[in-house]
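Values below: every heavy atom of this structure, side chains too, minus hydrogens, waters and symmetry copies.
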Amino acid sequence: MADALKIGIAGLGTVGASLVRILQDRHEMLATTCGRAIEIMAVTARDRSRDRGVNLSEIKWFDDAVSLASEADIDVFIELMGGAGDPAYSAVKAALQRGIHVVTANKALLAAHGIDLAGIAEEHGALLNYEAAVAGGIPVIKALRESMTGNTVSRVYGIMNGTCNYILTKMEKEGLSFEDCLKEAQRLGYAEADPAFDIEGNDTAHKLSILTSLAFGTAIAADDIYLEGITNISIEDIQAAADLGYRIKLLGVAQRTESGIEQRVHPTMVPYDSVIAQVDGVTNAVAIESDILGELLMVGPGAGGNATASAVLGDIADIAKSRPGAQHVPAFGRPATALLPYKRARIQSHEGGYFIRLKVLDRTGVFANIAGHMAENDISLESIMQHSKHYVDSAEPKTIILVTHATFEASVRKAIVAIKGEGYLVGEPQVIRIERPKAV
């Protein structure tokens, strides 16, 4: 049997502790399946005294991640600290510059510095593996980077944040408000004390930017993504969607167009009978549409210690199984220097149309006025209805629901501005895109 693969782990939170436990409990099995043992040589974490439920007594401790990456006798540096900047960035860079392979679950780091780090890895003959950075235990990185070689991808989309999916599912199933469901998600540990990064869509955007680079061979453009979170989704929107045969999901969508690449993250209505609509709770789903394979939908646990540790372990195992001197797969499927500049697509018609919810004063002619403003902006309406079953007092504002055919977002926004100027609108309008996924 070949010499053991020596690893160092920076970060011993939920994922790091799970990884240590799996490596220790399945040491013999992994040695057999990988052809060599995997040995934990060094670790570092902020709190050395904390009980993590694993035996670390015979493992060397380092005071900080950069020291571990720079000095430890290891073959692979495992980065599980998180964060786009230091210490994660400096530690990963230091490891790669030594020719040490890196495995990371850090999507923020990759979104900010992925291309730079990929170039350093290639220069020094090291691997940069990051399956756990996107969609937890779903092997979407390997699928795009290796398994789908030769395919031309046209679209990648999916549910990539378990916190948001849990909240939207609970709102629908139990009829609770967004605020109540967020508090429950925090109590269960699905949401952080400060949940903004998740619920405002930033987490999904980071993951989408990585998938976009892999799918279309472009440089990462995490700052060029249209972004909406789920904080404005009300129980009324959830109920109206259900009445129309849809469910609301926070989707990340990247697609190739004739004018460039389109990236967007926003709440989306998907048909109730589509597979992606049935993905509930903290589960993730990623769909890939390509010319050779066709449509691929992968569903699985998107977060949690075991799911993420499983993906990290898969990357470690790939390194353990690799032959000495074998050519490495580039981090983004092709050499960093061969990645194309990102070109943002021109605004185009949204094929799925839009859901628009307006709360209006009960006045004669409001329906006709709204329809007129839509027509003035070349917006064709699939339906327009008064969603009134929740109202018994005729003096109360009424809710009007519009569903459009394919149209331009700029046209929708222009029509909304005109409607606001009429004086009968109560509160802010709600506008949600409708997607009709091919993966059904």
Side-chain angles (χ1 to χ4, degrees), residues 107 110-111 114-115 118 128-161 204-227 249-266 268 270 274-276 279 284-300 302 311 314-315 329-352 433 435-440:
K107 65 268 184 181
L110 293 166
I115 306 304
L128 175 60
N129 287 352
Y130 51 92
E131 186 66 69
V134 180
I138 301 173
V140 62
I141 303 300
K142 183 179 285 291
L144 283 168
R145 190 166 69 177
E146 300 175 38
S147 304
M148 296 183 66
T149 298
N151 280 263
T152 297
V153 176
S154 56
R155 183 162 74 144
V156 179
Y157 66 93
I159 298 167
M160 303 175 200
N161 184 273
T204 299
H206 283 167
K207 295 170 182 175
L208 182 68
S209 69
I210 295 167
L211 294 183
T212 299
S213 181
L214 283 164
F216 306 120
T218 61
I220 290 175
D223 296 328
D224 204 355
I225 298 177
Y226 179 86
L227 186 62
K249 300 292 184 182
L250 182 74
L251 293 189
V253 182
Q255 60 187 17
R256 186 195 304 270
T257 74
E258 292 182 357
S259 63
I261 306 298
E262 179 183 346
Q263 296 184 101
R264 45 191 168 87
V265 173
H266 49 72
T268 309
V270 292
S274 64
V275 174
I276 205 163
V279 177
N284 281 196
V286 179
I288 305 169
E289 298 174 3
S290 65
D291 58 345
I292 301 174
L293 182 62
E295 301 153 17
L296 173 66
L297 177 66
M298 293 178 282
V299 180
D315 279 342
V329 178
F332 292 93
R334 63 189 71 190
T337 54
L339 292 169
L340 302 173
Y342 177 83
K343 181 182 179 184
R344 185 175 186 174
R346 295 193 302 268
I347 295 174
Q348 60 180 9
S349 175
H350 177 63
E351 295 180 0
R433 290 167 188 77
E435 294 279 351
R436 296 186 171 90
K438 294 180 181 179
V440 298

Assess the residue pair Y157 and Q255 against the criterion (side-chain contact (heavy atoms from CB on, under 4.5 Å)); give the C-alpha distance rounded to whole Å, side-chain angles, the decisive distance to 0.1 Å, and a yes or no. CA-CA 8 Å; Y157 66 93; Q255 60 187 17; over 6 Å; no
About how many Å separate CG of L211 and CE of M160, when rounded to the nearest 0.5 Å? 5.0 Å
Closest heavy-atom pair and its distance - S213, A219: OG-C, 4.4 Å
In Å, rounded to the nearest 0.5 Å, how long is the span from CD1 of I115 to CD1 of I220? 4.0 Å
Under a 3.5 Å distance rule, please check whether D291 uses its side chain to pair with a backbone N or O of N151 as donor and acceptor. no
Give every donor-acceptor pair under 3.5 Å between a side-chain atom in residues 134-144 and any protein atom, sequence neighbours left out.
residue: K142; atom: NZ; partner: D318; partner atom: OD2; Å: 2.7

What heavy-atom pair brings H266 and Y226 nearest, and what distance separates the two atoms? CD2-CD2, 4.4 Å
Partners passing side-chain contact (heavy atoms from CB on, under 4.5 Å) against L227 (at least two apart in sequence or in another chain): N202, A205, V265
Using side-chain hydrogen bond (donor to acceptor under 3.5 Å, both in side chains) as the criterion, list what pairs up with T257, not counting sequence neighbours. S259
Taken to the nearest 0.5 Å, the spacing of S154 OG from R256 CZ works out to 8.0 Å
Between N284 and G300 (side chain of the first, backbone of the second, donor and acceptor by atom type, cut-off under 3.5 Å), is there such a pair? no
side-chain hydrogen bond (donor to acceptor under 3.5 Å, both in side chains) partners for S209, two or more places apart: none
Side-chain donor-acceptor distances from residues 334-345 under 3.5 Å, at least two apart:
residue: Y342; atom: OH; partner: I261; partner atom: O; Å: 3.0
residue: Y342; atom: OH; partner: Q263; partner atom: NE2; Å: 3.2
residue: R344; atom: NE; partner: D224; partner atom: OD1; Å: 3.4
residue: R344; atom: NH1; partner: D224; partner atom: OD1; Å: 2.9

Minimum heavy-atom separation for V156 and A215, please, with both atom names. CG2-CB, 3.6 Å
Residues forming a salt bridge (Lys or Arg N to Asp or Glu O under 4.0 Å) with R264, sequence neighbours excluded: E262, E435
Starting at CD1 of I276, measure out to CG of L251 and round the result to the nearest 0.5 Å. 5.5 Å
Aromatic Y130 / basic R145 pairing, under 6.0 angstrom, 45° off normal: yes
Please check this pair: side chain of K107 against backbone of H206, looking for a donor-acceptor N/O pair closer than 3.5 Å. no
Looking only at heavy atoms, which two atoms of L214 and G333 are closest? And how far apart? CD2-N, 4.2 Å
T212 and side-chain contact (heavy atoms from CB on, under 4.5 Å): which partner among T218, I225, V153? T218
Which heavy atom of A285 sits nearest to which heavy atom of V299, and what is that distance? CB-CG2, 3.9 Å
Considering all heavy atoms of both residues, which atom of A331 and which atom of L128 are nearest to each other, and what is their separation? CB-O, 3.8 Å
